[in-house]
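Here the structure comes first, spelled out in structure tokens, and everything after it is commentary.
Below, read A as the first sequence line, B as the second, and so on, with proteins coming before strands; counting in each chain starts at 1.
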Amino acid sequence: MFAQEELLYFFSQTQTRRPAVVRQVLANKRTVSNLFWGMQYQILDWLNTQPQMESLLFDKAIKQLLRQAKLEQHPNGLLLTAKGLSARTQYAALHYRIKQPQLFQRLDEKMWEDVLQLLVQVTSELAYANKHYYVAAASDGAQAYFKRWFRTAKQQLQAATLGKMLLAFLKDKPTREADLFMAFFNGHGVVAATSAQLADKSNYNISDIVNLWRDYAVSFAWFLLHQDTYFQALVAPLFKQSLLSNSTAATYAQFLKGALPAQIAKSRKLRLSTINEHLLEAAIFEKNFAFKRLLSATEIEFLAGIFTGPPSSWDYQVIEEHKKKIDFFKFRLFQIGRSKHDL
Amino acid sequence: MISETFLTEKLQHFFGYNSFKDGQAEIMRALLAGHSTLGILPTGTGKSLCYQLMGKILKKPVLIVSPLLSLMQDQVEQLRYLGEKKAIALTSELSYQHKQFVLQHLGEYDYVYLAPEMLQKQAVLAQLMHISLGLFVVDEAHCISQWGPDFRPDYLDLKELRQKIGNPLTLALTATATSAVESDICQQLFDTNEVPKIIRRSVDRANIFLAVKEVTSQQQKNEYLLQLLPQLKMPVLIYFSSKKKADELSQLIRAKTSLRTAAYHAGLAKSDRYSIQQQFMQDQLDVICATSAFGMGINKKNIRCILHYHLPADLESYSQEVGRAGRDQQLSLALLLFDPADIKLQRQLSSNTLPDDLEIEYYFRHKGLDHKHSAASEKELLLEYYTQRAMTPEKIRLIFKRRRLRKEEKLQALINYLKSTECRRNFLCAYFGEKRVVQHTVTCCQPAGQPLVLKRFLASKRDQTAASVPHDYREIIAALFKM
Ligand SMILES: [Zn+2]
């Protein structure tokens, strides 16, 4: 869970934002509406950075921030106040903030964190040719996954290679952060510190320590993914090929082959409205989405004529006042295209 | 008759020890002679080794029924540590596929741990009927007794389940049992025509000095603790009845002394729990502030002092917790800090786990409990168990009334122990129905009203030569990978 002040990062002084959207983006609740508004708030990079977030705690923190006048209530959502901005600046100076949030939506984070602990411990014990040790706490799934990789990698695995990878990864990082990251590993004759102990020793709190470790762990996975070693085969399967959910990816694959929404609906035996949702999700995440296959030149011309200003402020009702038949799907698609400057 | 030499050879071969602890060999001889057995051995006497070695000798699967998930996982880890790969805990934490796989290959495992509710599952039972079990083990067997403090209703079904798999050779194990609990275990687990062997070893531990320090306030308790702690021989384990207090005092000790300390309880992340256990095992911690969640799988031999910051639940838990001290047979201290106000707290804690009349009524009217209150789900499980067995609300009310009464009696016995002006060790022996009588001396224990002399437990000079732990990331990497 993020600290209360950390939530201030997700609010703006000029754009009203709904806290429910923020919460659901952080927790990776992927409805098209959440994704769309997350895009408007420019917080989609933070998707899935807090998968375990409890909504009760989140709501409590927001209430507290409102009471402290760091946020204020407006009809369409919350605004960051001047007091909130200064609290955020003060907080930022003292605390750790995740630097690579966009990796959390690409990687099976929980699995990787367990696998990384196993990798370091098993390799370390291997370096000392020790077979008798208690394996660090890891889920059964992570142990099984790791064992499969280890069986094939064992022959060539050199402890020093992993050491060199870690040194190369940490070389350009702030030393203080690198120290904290490495203090979290168990190995031969090396016992990890707990987050509370590290918080005690540094000027960080427990939540900072946890965020730092998660951030460094996923960044290290990304680093290994781009190094030509046998560790690549360990991390690659844990990365998602695409940012789309599975069903959306299947729909989008057909769309790329030239199928139209109605045809996709028929072949996938899904409702047209579901296919449209998939396409909106794809429009949000995919580069070079073919908006013009779904919106005609006249539709675009008409929509561009009546809507100006920031897309988040547009109101679908206006179309109905013009007595023109353009459904909500096309309206939202146009909104997304304009937000991405693709239309 | 199986000779001691045969067993010792096996022990040496499989586990690398040269001799048995008291009671172990006798249990194994009884089992090898075909007698189901109830073993009552105090904590730290290696109860699990009995069935582990039996599995090796019989070369047949051993099934272990155990009440706690964490306990099972610790045991499996320990077996794996000993190089035993075919051990598994069949729990709800396994993925569906993994569970199916284990079920289909159940007979190929040497040691299978499971909770009683898992044993009730038809799929599990069906598999077990096809397997020739070497040994059926009921761990923490006192859970079967309504007279015991940790009664678990699902343990009551074990007799029937055991019949269904053909009454296999059985070993029931517990650390503590009064004579009432002992006969209850035999009755609830075995058929009337079976006469299990009972092998009991005393709870009395000659190397542990039992003492109670009475204080008049929380404030005074903290002051006393902070003043005493830095003088004591390390390591020290302090028991608390709440996570919050364990955290608080751990912080206080860190702030006011130079001792290395950590809090340990179920609220911590798994990885943190692992690290703390490892740090403690490697003497990187002096003091652990723990709830009763600590210690299950820990086998640290040189704990010099067990402190109780709060009252334990009863004398059964007390003697188990105290039994973690001095497993190396060296002199150790068990000191309980007693503020009479704690009695009320403990009374609340123990009645909190049982539903009261209002809650029973609420449950029957709404088919569930109000989850605003803590412990609601635990109570709900209890109520569910009894209603599934078609018991009326009146009957259930009576059951819980009786159990509340029982808990109150247990608490009273604990208070009597605290206030006892006679030898505390004799008090415990008598409580557990043992005939042993200890010759009391000033070095044996400190009865209430007697001065508390702790000189023998103080460190002459604090050993500050603790191995330095590397902090620089390059040093850590070099140490990890031998670079
Ligand atoms: Zn005595």
Check for a donor-acceptor pair, side chain of [X] on one end and backbone N or O of [Y] on the other, with a separation under 3.5 Å.
X        : Y        : result
B:Tyr111 : B:Gln52  : yes
A:His95  : A:Tyr91  : no
B:Tyr274 : A:Tyr134 : yes

I need the minimum non-hydrogen distance between A:Ala3 and A:Ser207, along with the two atoms involved. N-OG, 4.0 Å
If you take all heavy atoms of B:Leu94 and B:Ala89, which pair is closest and at what distance? CD1-O, 3.7 Å
[X] and [Y]: side-chain donor and acceptor closer than 3.5 Å?
X        : Y        : answer
B:His310 : B:Ser241 : yes
B:Tyr264 : B:Gln277 : yes
A:Glu6   : A:Gln4   : no

Between A:Glu109 and A:Arg214 (salt bridge meaning N to carboxylate O under 4.0 Å), is one present in this structure? yes
Between the side chains of B:Arg304 and B:Asp328, is the shortest nitrogen-to-carboxylate-oxygen separation below 4.0 Å, so that they form an ion pair?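 Salt bridge flag = yes for B:Arg304 with B:Asp328.
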Please state whether the rings of A:Trp222 and A:His226 are parallel, tilted or perpendicular, taking 30° and 60° as the class boundaries. perpendicular
Classify the angle between the aromatic ring planes of A:Phe181 and A:Phe185 as parallel (below 30°), tilted (30 to 60°) or perpendicular (above 60°). perpendicular
Residues from [range] approaching chain B under 4.5 Å (heavy atoms):
range                       : answer
residues 156-172 of chain A : A:Ala159, A:Ala160, A:Leu162, A:Gly163, A:Lys164, A:Leu166, A:Leu167, A:Leu170, A:Lys171
residues 196-206 of chain A : A:Gln197, A:Asp200, A:Lys201
residues 119-127 of chain A : A:Val120, A:Gln121, A:Thr123, A:Ser124, A:Ala127

Report the distance from atom NZ of A:Lys147 to atom NZ of A:Lys154, rounding to the nearest 0.5 Å. 11.0 Å
Side chain, backbone, both or neither: which part of A:Phe184 has a heavy atom under 4.5 Å from chain B? side chain
Proximal component of [X], with respect to chain A [non-hydrogen, under 4.5 Å]:
X        : value
B:Leu285 : side chain
B:Tyr473 : both
B:Arg254 : side chain
B:Gln279 : both

Under 6.0 Å between the ring centres of B:His105 and B:Phe101? yes
Hey, mind stepping through A:Trp213 and A:Tyr216 against ring pair (Phe, Tyr, Trp, His ring centres under 6.0 Å) and telling me if it holds? CA-CA 5 Å; A:Trp213 199 78; A:Tyr216 270 67; 9.7 Å; no
Identify which of A:Ala183, A:Gly187, A:Ser195, A:Ser139 forms the greatest number of heavy-atom pairs closer than 4.5 Å to chain B.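 With the most close heavy-atom pairs to chain B, the winner is A:Ser195.
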The criterion is salt bridge (charged side-chain N to carboxylate O under 4.0 Å, His left out); which residues satisfy it with A:Lys99, sequence neighbours excluded?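 Applying salt bridge (charged side-chain N to carboxylate O under 4.0 Å, His left out) to A:Lys99 gives A:Glu177.
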